[in-house]
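Throughout, a chain's letter reflects where its sequence line sits, starting with A, and its residues are numbered from 1. The figures here come from the full heavy-atom set of this structure, side chains too, leaving out hydrogens, waters and symmetry mates.
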Amino acid sequence: MLNFTLRRLAQSVATLFVMSLLVFTGVYAIGNPVDILINPQADQAEIAQTIARLGLDRPLWEQYWIFLKGAFSGDLGKSFAASIPAIELIFERMPATLELAFMAMLIAIVLGIPLGLLAGLKPDSWIGRGIMAGSILGFSLPTFWVGLMLIMVFSVQLGWLPTTGRGATVDVFGIPVSFLTWDGIRHLILPATNLALFKLSLLIRLTRAGTREAMLQDYVRYARAKGVPESNVVRVHVLRNILIPIVTVVGLELGSLIAFAVVTETVFAWPGMGKLLIDSINVLDRPVIVAYLLVIVFLFIFINLLVDLLYTALDPRVRLKGAR
Amino acid sequence: MHSCFREMIVETTPIPAFPLKGKEFHGIPSPSGGGLGWGWFKTLPLLYAAFGVFLLTPINIAAAELRIGLSGEVTSLDPHLLASQPNLTVGRHVFESLTDVDPQTKLIPGLAERWRAIDVTTWEFNLRRGVKFHDGSDFTAEDAAFSMQRPLSIKGSPGGFASYVRAIESATAVDAHTLRIKTKYPYGALPEDINSILIVSRKHALNAGPEDFDAGRAMIGTGPYKFVRYQRGDRLELARHDNWWGKAPAWNRVTLRVIPADPSRTASLLSGELDAIEHVPSADIKNVNKNNNLRVTQTTSWRTILLHLDQYRAQPPGVTDANGKPLAKNPFMDLRVRQAISKAINRNAIAERVMEGLAVPANNIVSPGVFGHNAALKAETYDVEGAKKLLAAAGYPNGFHVTLAGPNNRYINDEQILQTVAQLLTRAGITTRVEAMPMSAFLGRVRKEETAFALLGWGSFAADLALRSLVAAPNPEKGYGAWNWGRYANPKVDALMEQALASIDRNKRETLAREANTLAMNDLAFIPLHHQVVSWAMRASLSYTPRTDEFTFAHHFTPRTP
């Protein structure tokens, strides 16, 4: 167990290293942030001074080396555009994104698993077919379009919910969260629904497929033959068995929800990390881009580890083989 | 001379059946700034078509709160860190500058009541008396002198305001209400330049970094609004400064929301969550106007869209004959070819169709009403046959091939402009290929000198300042021509521009600047396309004088009877 965790951590460090190198060179290849940030009135001397001030006149390897040295002492550099530490910018925005992603995942799970189960148990009924047809829409409609439609219907036409932004926040252990205020929840509903839609469809399909397969298994027939009530069959024998792939997917998808909430955050002007990333890419604010991607890679690694550990809890047959 | 200033309601027309294209753009003084490319938002007008009519919640002016949707991302509240329009927009609510500009870019007194040049390199500013900072302390010449020096002292600044103070040798407080600025050389544009330098409180900003401004600790200015709360990437909340020297603004609370995505900004106005928005997407203006509860005001912006032509390399990249072989000489160096290009472009079609009315055809380096504009210069008329004749006379009867490069996320409908220009030129015989890319990548290409024909947008307070950056022969020592991508060089224009900038007499300076502008335009130093039109949308119960410099100020919004 310990061995497994340690090996995972070693892999993670290597991944982080490769990632930083790729992003660093990638952003360097696109162009010079000073060209975009500089005041148009600036003359050649000032442009050169600014480039030197930000250390962008040094060769790439040297810039990377400076970054690495900083990174090992926990300093990922200062944002060019905001002139404050990149990691601070990211952590400042992280609660908003996490809140949005968790809320979206919650919606996806709470609706997705029961609906999927229903569709799996009654595949030929109109309700089963209806659920499946709906999930196709969830898959195929582009997020930004659905987001705009949600705004048009629920905010502009009906006036029920706010269009954009994050609502009032309260501090919990120093972290500002908005899901504890009514205003915050009202602001959260539309973006979370928008973000949840794709995952919801995914969970419906996954649960349905798992359910259909499980229903044909011998243990289900045996349980039925034994006279176990149908509700128990579903709860104990079906649901429990299909939960493993679902947990894997939820884990991985949670990572992608956090990392790629960009579109939803943009449409709803949600002040999260995704919006920060886009803004930073547009001005080639390299310290922020690199720091963001490192944080995301770290998050993925962490979630994967968590999922692996969760397996053992769900399925006693799974053993984490550390010393293979 | 016709006035560039107009406040108008765009007439109502039915929704077109074809998908109009709207593009978000940032109001950062061109060409810098982070434009975001939301190509996937272009379908919004179809959404409107689907919904047709909008509901609008009733408004409550009595609350005296104003909520404005801004289009550009604010990177920092530090007023001396990054000279981007969004940063200056929020900065100017809290801070003020010595000189101010009115909605038509005319210089007016700000914190300085008046100023004059004592000799060619010494300026004296008489500061307004009785001005209080938000903490109650008095504003003095010491604060002004300190603010002139602060931009240069910020470590790791991404090139903010140093350009505006580079001519300053020293700034000293003669007494509490007199500031004397010595310049390194005779420099007439000093009052324009220091308009961008916001005055901070020396006491609070002396040891403050950007983080102190973001946290509000150092946000102590003299401006009409006081800092209340800032949430990066979301909003800035402000409260009225009741001791402000100016006419008290109508709103005691102001929220500036940052919503760069065009459709979302418009939707927030439609839903009644915002009272006003800046940079209304061109495709949405008609729809906003159909709504009786809303109105649009607009004016010609100071931003001029132009095409730079390579005029220094014998064989510029991308310029070839029909077989892809390099030409014997650079065609752009021939005035007749430049004239042909100018004649081949149908500026009215671009303004009316591509820009949907949000452009004014240009033949000036600065917009109408801006210092040094020459109203006598009329935009070139569209004349394909004339263009073909000129090309033939220049030795290109069969035309040639060029590549036109430009950004696709920076100016209003920039990519469509590129495509349209390419088609028009191709029709006249110059087969044109378009390379449109995000601004960051585009500027990278330009820096590597990989473009010979490129689109740029420029906004300026004065023709001589614009000429110095765009048209003067590149000269790193003097700081000329930093954005003269084509390296156009004309000693006569340069001399006039230099004389203009050195003139402390404004009338003389404007005459010289206008003359230089005229000379550069007649010689087609670059191909001017159009001046952008900038628009604001707001509740019908509000009024805003549209500003040529594109700034959005809460304190300039006033209530009006619809």
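Of all heavy-atom pairs spanning A482(B) and A42(A), the tightest one is CB-O, 3.5 Å. Shown here for E46(A) and S163(B), the closest heavy-atom pair between the two residues is OE1-OG, 2.8 Å. Closest non-hydrogen pair, P263(B) versus L148(A), comes out as CB-CD2, 3.6 Å.
Proximity to chain A is absent for every atom of D78(B), based on heavy atoms less than 4.5 angstrom apart. Proximity to chain A is absent for every atom of R445(B), based on heavy atoms less than 4.5 angstrom apart. In this structure, chain A has no heavy atom under 4.5 Å from any part of L470(B). With a 4.5 angstrom heavy-atom cutoff, Q231(B) touches chain A only via side-chain atoms. With a threshold of 4.5 angstrom between heavy atoms, P476(B) approaches chain A through its backbone and through its side chain. The part of E92(A) that comes within reach of chain B is its side chain, from C-beta onward, which places non-hydrogen atoms under 4.5 angstrom from that chain. Heavy atoms of L276(A) lying under 4.5 Å from chain B are absent altogether. Using a 4.5 Å cut-off between heavy atoms, K275(A) touches chain B through its side chain atoms alone. With a 4.5 angstrom heavy-atom cutoff, I151(A) touches chain B only via side-chain atoms. Interface residue Y480(B): only backbone heavy atoms are found under 4.5 Å from chain A. Only the backbone of N475(B) comes within less than 4.5 Å of a heavy atom of chain A; no side-chain atom from C-beta onward does.
Here T266(A) contributes atom OG1 and I259(B) contributes atom CD1; the two are 12.0 Å apart, rounded to the nearest 0.5 Å. Rounded to the nearest 0.5 Å, atoms NZ (K478(B)) and CG (D43(A)) are 13.0 Å apart. Within the model, atoms OG1 of T163(A) and CG of L270(B) stand 9.5 Å from one another, a figure rounded to the nearest 0.5 Å. Here the CG-OG distance, from N282(A) to S440(B), works out to 6.5 Å after rounding to the nearest 0.5 Å. Taken to the nearest 0.5 Å, the CD1 atom of I84(A) stands 9.5 Å off from the CG atom of L81(B). The structure places CH2 of W483(B) at 6.0 Å from CG of D35(A), a figure rounded to the nearest 0.5 Å.
Within the structure, no pair that satisfies the salt bridge (charged side-chain N to carboxylate O under 4.0 Å, His left out) test touches residues 256-273 of chain A, not counting sequence neighbours.
For F298(A), the CZ atom counts as loosely surrounded, since its 6.0 Å shell holds 12 or fewer non-hydrogen atoms of other residues, nucleotides or ligands.
The shortest side-chain heavy-atom distance between Y164(B) and N39(A) falls under the 4.5 Å cut-off. Taking the side chain as every heavy atom from C-beta outward, R447(B) and V34(A) never approach each other to under 4.5 Å. You'll find the side chain of V283(A) stays beyond 4.5 Å of the side chain of M439(B), heavy atoms only. Using a 4.5 Å heavy-atom threshold, the side chains of N32(A) and L443(B) count as separate. Under the 4.5 Å side-chain criterion, counting only non-hydrogen atoms from C-beta, R232(B) is not in contact with P271(A).
For the side-chain contact (heavy atoms from CB on, under 4.5 Å) test, residues two or more places apart in sequence or in another chain that qualify with S178(A) are E99(A), R166(A), T169(A), W270(A).
Of the listed residues (S83(A), S280(A), A96(A)), the greatest number of heavy-atom pairs within a distance under 4.5 Å of chain B belongs to S83(A).
A donor atom on one side chain and an acceptor atom on the other are not found under 3.5 Å apart for S155(A) and S271(B). A side-chain donor from one of S268(B) and T164(A) sits under 3.5 Å from a side-chain acceptor of the other.
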